[in-house]
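Throughout, numbering of the chain's residues begins at 1 and tracks the sequence. Below, all heavy atoms of this structure are taken into account, side chains as well, without hydrogens, waters or symmetry copies. Everything numeric in this text was worked out from a predicted model, so none of it was measured.
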Amino acid sequence: MAKWTPRHEAPEPLEGPIVATITGGTILWFVMFLAQLPFYGWFEDRDLTWWVWTCLAGAGLGLIGIWYVRSRDAAIKRAQAGDDPAGGTPASNNS
């Protein structure tokens, strides 16, 4: 089987308000969890309680995501400023 090669160059990754996006998603997951709590008995009668707990898990993972993207943004800003704690600038690490 021949190796697949791309026909065009991959686009640049999208950069934008990542922290706001992840925070908004986390809030939505938590709101969905809270909205389903009054109907927990209905979900339990139909063996669908996993819907409720999925929303809570999404909110919890969103908190981890917020921590991650904030750390990532801080690291990118440090690297752009030349304050790389690993020693040196990003350009000197390529050699």
Side-chain angles (χ1 to χ4, degrees):
M1 179 176 251
K3 181 179 177 184
W4 180 82
T5 56
R7 295 181 187 188
H8 53 82
E9 190 173 320
E12 291 292 320
L14 295 175
E15 292 293 332
I18 305 296
V19 176
T21 303
I22 301 300
T23 303
T26 302
I27 291 169
L28 283 174
W29 278 113
F30 191 67
V31 167
M32 287 189 298
F33 169 72
L34 292 177
Q36 291 178 353
L37 275 181
F39 305 103
Y40 189 82
W42 184 89
F43 286 110
E44 193 170 35
D45 292 343
R46 287 157 182 80
D47 198 28
L48 295 173
T49 55
W50 64 271
W51 284 24
V52 178
W53 302 118
T54 298
C55 292
L56 185 60
L61 290 172
L63 292 174
I64 295 170
I66 292 169
W67 170 78
Y68 177 80
V69 295
R70 289 186 69 192
S71 298
R72 178 182 176 269
D73 281 353
I76 289 171
K77 287 177 184 173
R78 277 194 311 270
Q80 288 174 347
D83 257 352
D84 190 8
T89 61
S92 67
N93 290 336
N94 291 337
S95 54

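Put simply, CG on Leu48 and OH on Tyr40 are 11.0 Å apart, with the number rounded to the nearest 0.5 Å. Here the CZ atom belonging to Phe39 is positioned 10.5 Å from the CG atom belonging to Leu37, to the nearest 0.5 angstrom. From Glu15, atom CD reaches atom CG of Asp73 across 7.5 Å, with rounding to the nearest 0.5 Å.
Linking Ile, Leu, Val, Met, Phe, Trp and Tyr residues whenever their side-chain heavy atoms come within less than 4.5 Å leaves Trp50 and Trp29 in two separate clusters. Linking Ile, Leu, Val, Met, Phe, Trp and Tyr whenever their side-chain heavy atoms come within less than 4.5 Å leaves Val52 and Met32 in two separate clusters.
Heavy-atom neighbours of Asp45 CG from other residues, nucleotides or ligands within 6.0 Å: above the threshold of 12.
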Indicate every side-chain donor-acceptor pair of residues 55-69 with a distance under 3.5 Å to a residue at least two apart or in another chain.
none

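Remark: Trp51 engages Phe43 in a ring-ring contact (aromatic ring centres under 6.0 Å, His included) (not counting sequence neighbours). Scanning for side-chain contact (heavy atoms from CB on, under 4.5 Å) contacts around Ile27 gives Thr23, Val31, with sequence neighbours left out.
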